[in-house]
Amino acid sequence: MVLNCHDSAIYILAPLRYATVYGCSDATIVLGAVGKVVRIEHCERVHIIVAAKRVCIANCRECMLFLGVNQPPLIVGDNHKLQVAPYNTFYSQLEEHLAEVGIEANINQWDKPITLGVVDPHDSLSHPAGVSDAQAESATSLDPDLFTSFLIPDWFGGEHTGSTNENPFPLPNAYLESQQRNKNNLEEIKQALGNAPLADTRKRELSNALHVYFKDWLYGVAVSFHLSLLLTPQTKEWKCFTTGDTPVKLHEVSYLSSNPFTCYVYRCKIELIKTC
């Protein structure tokens, strides 16, 4: 269970039977392979990346879910502005963990959510007076042009020797095409900058300006919070939990004074349920 985590980045890269994310806000949470069901309840502005057999979302607001799920996600209760997208990351042992808990990477029903229930007629915020009961709000699919891959920091320095080196869940064509366009655009910009008829001093000035604008954008965009983990981190092991035969290390991440972000892992309560 990940309980009441705020302004945090949490990574639990292990095979699990069940998982619950409850009462979190403004956080990025990456779970490993969950063989039974993941429950996500009462969360706000949370990004969750998970591979699971089943996912159930209840009473959440403005959350983004990147899913590799074998059965259609179930959405119940009073939810608002949820977005779903295909699974977008990997780590070295992911395919081993998927096989261990029985998840099929070639089946992903992330875009077929099932919505149950009606809006609470006594909730004046989401259900104005005079409006009859209405079907609960479902989730919308993320615009492919906004889809990006998520990079998990390599805290263990190659300690794990798994075989996974790419996302095992196939992407829909629209998302693949968007990624290819972004890659092509990046290559064109790099080539244009490299071939620009500028003196070396002017090229350095241009490079410095690009870095400054990029940092300003990165610090100012809340959705990119997880990328701060890649900026001059100094990591130390905080605590080690053991689930069955699988050790799961959590890290407190501190930063150099030039970096305004901090990952407050110690501000949350995390309980790892026994693995399959």
Side-chain angles (χ1 to χ4, degrees), residues 2 5 8-16 19 21 24 27-35 38 40 43 45-53 55 57 63-70 73 82-101 103-111 139 141-172 174-176 178-180 182-183 186 218 221-231 233 235 246 248-251 253 263 265 270:
V2 181
C5 294
S8 306
I10 308 297
Y11 300 81
I12 304 177
L13 309 180
L16 305 171
V21 179
C24 300
T28 295
I29 299 170
V30 184
L31 302 177
V34 183
V38 178
I40 304 164
C43 293
R45 299 176 302 280
V46 171
H47 285 204
I48 295 178
I49 303 173
V50 62
K53 275 287 185 67
V55 173
I57 304 107
C63 292
M64 173 70 70
L65 302 109
F66 296 88
L67 304 175
V69 60
N70 287 169
L82 301 182
Q83 287 188 294
V84 292
Y87 193 79
N88 67 338
T89 193
F90 68 91
Y91 57 94
S92 64
Q93 292 180 301
L94 176 58
E95 288 174 302
E96 297 171 22
H97 293 169
L98 294 176
E100 184 174 337
V101 300
I103 296 173
E104 298 181 53
N106 62 332
I107 300 175
N108 192 358
Q109 303 203 50
W110 66 274
D111 58 343
S141 297
L142 179 69
D143 185 336
D145 288 337
L146 300 178
F147 179 82
T148 58
S149 296
F150 184 94
L151 179 62
I152 295 176
D154 183 13
W155 280 318
F156 304 106
E159 176 183 334
H160 296 310
T161 57
S163 59
T164 305
N165 54 19
E166 63 180 2
N167 183 356
F169 290 90
L171 290 178
Y175 292 86
L176 274 175
S178 175
Q179 281 199 329
Q180 188 60 48
N182 291 336
K183 181 179 179 181
L186 178 60
L218 184 62
V221 180
V223 74
S224 299
F225 166 75
H226 64 273
L227 291 178
S228 65
L229 294 175
L230 304 178
L231 302 179
T235 61
T246 305
V248 180
K249 297 180 180 178
L250 301 179
H251 284 69
V253 181
C263 178
V265 173
I270 300 177

Colleague: Distance from Leu94 atom CG to Leu13 atom CG, nearest 0.5 Å?
Modeller: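 These two atoms lie 9.0 Å from each other.
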Colleague: Specify the closest pair of heavy atoms between Ala33 and Val101, including all atoms of both residues, with the distance to one decimal.
Modeller: CB-CG2, 3.7 Å
Colleague: Quick one: pull up CD1 in Ile48 and CG in Leu65 and give me the separation to the nearest 0.5 Å.
Modeller: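 CG of Leu65 is found 5.5 Å from CD1 of Ile48.
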Colleague: Say whether, by atom type as modelled, one donor and one acceptor occur between the side chain of Thr89 and the main chain of Phe150 under 3.5 angstrom.
Modeller: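 Judged by distance alone, yes, a pair lies under 3.5 Å.
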Colleague: Tell me whether Gln109 contacts the main-chain N or O of Asn70 through its side chain, where contact means a donor paired with an acceptor under 3.5 Å.
Modeller: yes
Colleague: Any side-chain heavy atom of Ile29 sitting closer than 4.5 Å to one from Ile49?
Modeller: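 Counting from C-beta outward, Ile29 and Ile49 never come under 4.5 Å.
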Colleague: CG/Asp111 to CG/Leu142 distance, rounded to the nearest 0.5 angstrom?
Modeller: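 One gets 12.0 Å once the value is rounded to the nearest 0.5 Å.
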Colleague: If we check side-chain contact (heavy atoms from CB on, under 4.5 Å) with Cys24, which of these qualifies: Cys63, Cys43, Ser8?
Modeller: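 Result: among Cys63, Cys43, Ser8, Cys43 is the only option passing the side-chain contact (heavy atoms from CB on, under 4.5 Å) with Cys24.
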Colleague: Roughly how far, to the nearest 0.5 Å, is CD of Glu95 from CD of Glu166?
Modeller: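 Result: 7.5 Å between the selected atoms.
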Colleague: Thr28 side chain to His47 main-chain N or O, any donor-acceptor pair under 3.5 Å?
Modeller: no
Colleague: For Ala105 and Pro168, which heavy atoms make the closest approach, and how far apart are they?
Modeller: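 What the structure gives for the nearest pair is CB-O, 3.5 Å.
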Colleague: Walk me through whether Tyr91 and His97 qualify under ring-ring contact (aromatic ring centres under 6.0 Å, His included).
Modeller: CA-CA 10 Å; Tyr91 57 94; His97 293 169; 5.5 Å; yes
Colleague: Check step by step if side chain to side chain donor-acceptor pair (under 3.5 Å) holds for Ser149 and Gln179.
Modeller: CA-CA 9 Å; Ser149 296; Gln179 281 199 329; 2.8 Å; yes
Colleague: Identify, with sequence neighbours excluded, every residue that meets side chain to side chain contact (heavy atoms under 4.5 Å, CB included) alongside Ala139.
Modeller: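 Side chain to side chain contact (heavy atoms under 4.5 Å, CB included) list for Ala139, sorted by chain: Ile75, Leu82, Val84.
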Colleague: Minimum heavy-atom separation for Ser141 to Trp110, with atom names?
Modeller: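 Shortest heavy-atom contact: OG-CZ3, 3.7 Å.
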Colleague: Is there a donor-acceptor pair closer than 3.5 Å between any side-chain N or O of Asn108 and the backbone N or O of Pro86?
Modeller: no
Colleague: In sequence, state the C-alpha distance, the side-chain angles, and the governing distance for Val34 and Lys53, and then conclude on side chain to side chain contact (heavy atoms under 4.5 Å, CB included).
Modeller: CA-CA 7 Å; Val34 183; Lys53 275 287 185 67; over 6 Å; no
Colleague: Enter the distance from Thr164:OG1 to Leu98:CG here, rounded to the nearest 0.5 Å.
Modeller: 7.5 Å
Colleague: Restricting to side chain to side chain donor-acceptor pair (under 3.5 Å), what partner residues turn up for Glu96, sequence neighbours left out?
Modeller: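 Scan of Glu96 (side chain to side chain donor-acceptor pair (under 3.5 Å), adjacent residues dropped) gives none.
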Colleague: Test side chain to side chain contact (heavy atoms under 4.5 Å, CB included) on Phe66 and Val30 and set out the steps.
Modeller: CA-CA 9 Å; Phe66 296 88; Val30 184; over 6 Å; no
Colleague: Any idea which heavy atoms bring Tyr11 and Pro153 closest together, and the distance?
Modeller: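 For Tyr11 versus Pro153, the nearest heavy atoms are OH-CD, 3.7 Å.
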Colleague: For Ser178, give me all partners under side chain to side chain donor-acceptor pair (under 3.5 Å), at least two apart in sequence or on another chain.
Modeller: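 Scan of Ser178 (side chain to side chain donor-acceptor pair (under 3.5 Å), adjacent residues dropped) gives none.
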Colleague: For Gln180, does the CD atom sit with more than 12 other heavy atoms under 6.0 Å from it, leaving out its own atoms?
Modeller: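 Yes, CD of Gln180 has more than 12 neighbouring heavy atoms, counting only those of other groups under 6.0 Å.
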Colleague: Can you confirm if the aromatic rings of Phe147 and Tyr175 lie within a centre distance of less than 6.0 Å?
Modeller: yes
Colleague: Hey, is the main chain of Thr148 close enough, under 3.5 Å, to the side chain of Asn88 for a donor-acceptor pair?
Modeller: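 Yes, because the side chain of Asn88 sits within donor-acceptor range (under 3.5 Å) of the backbone of Thr148.
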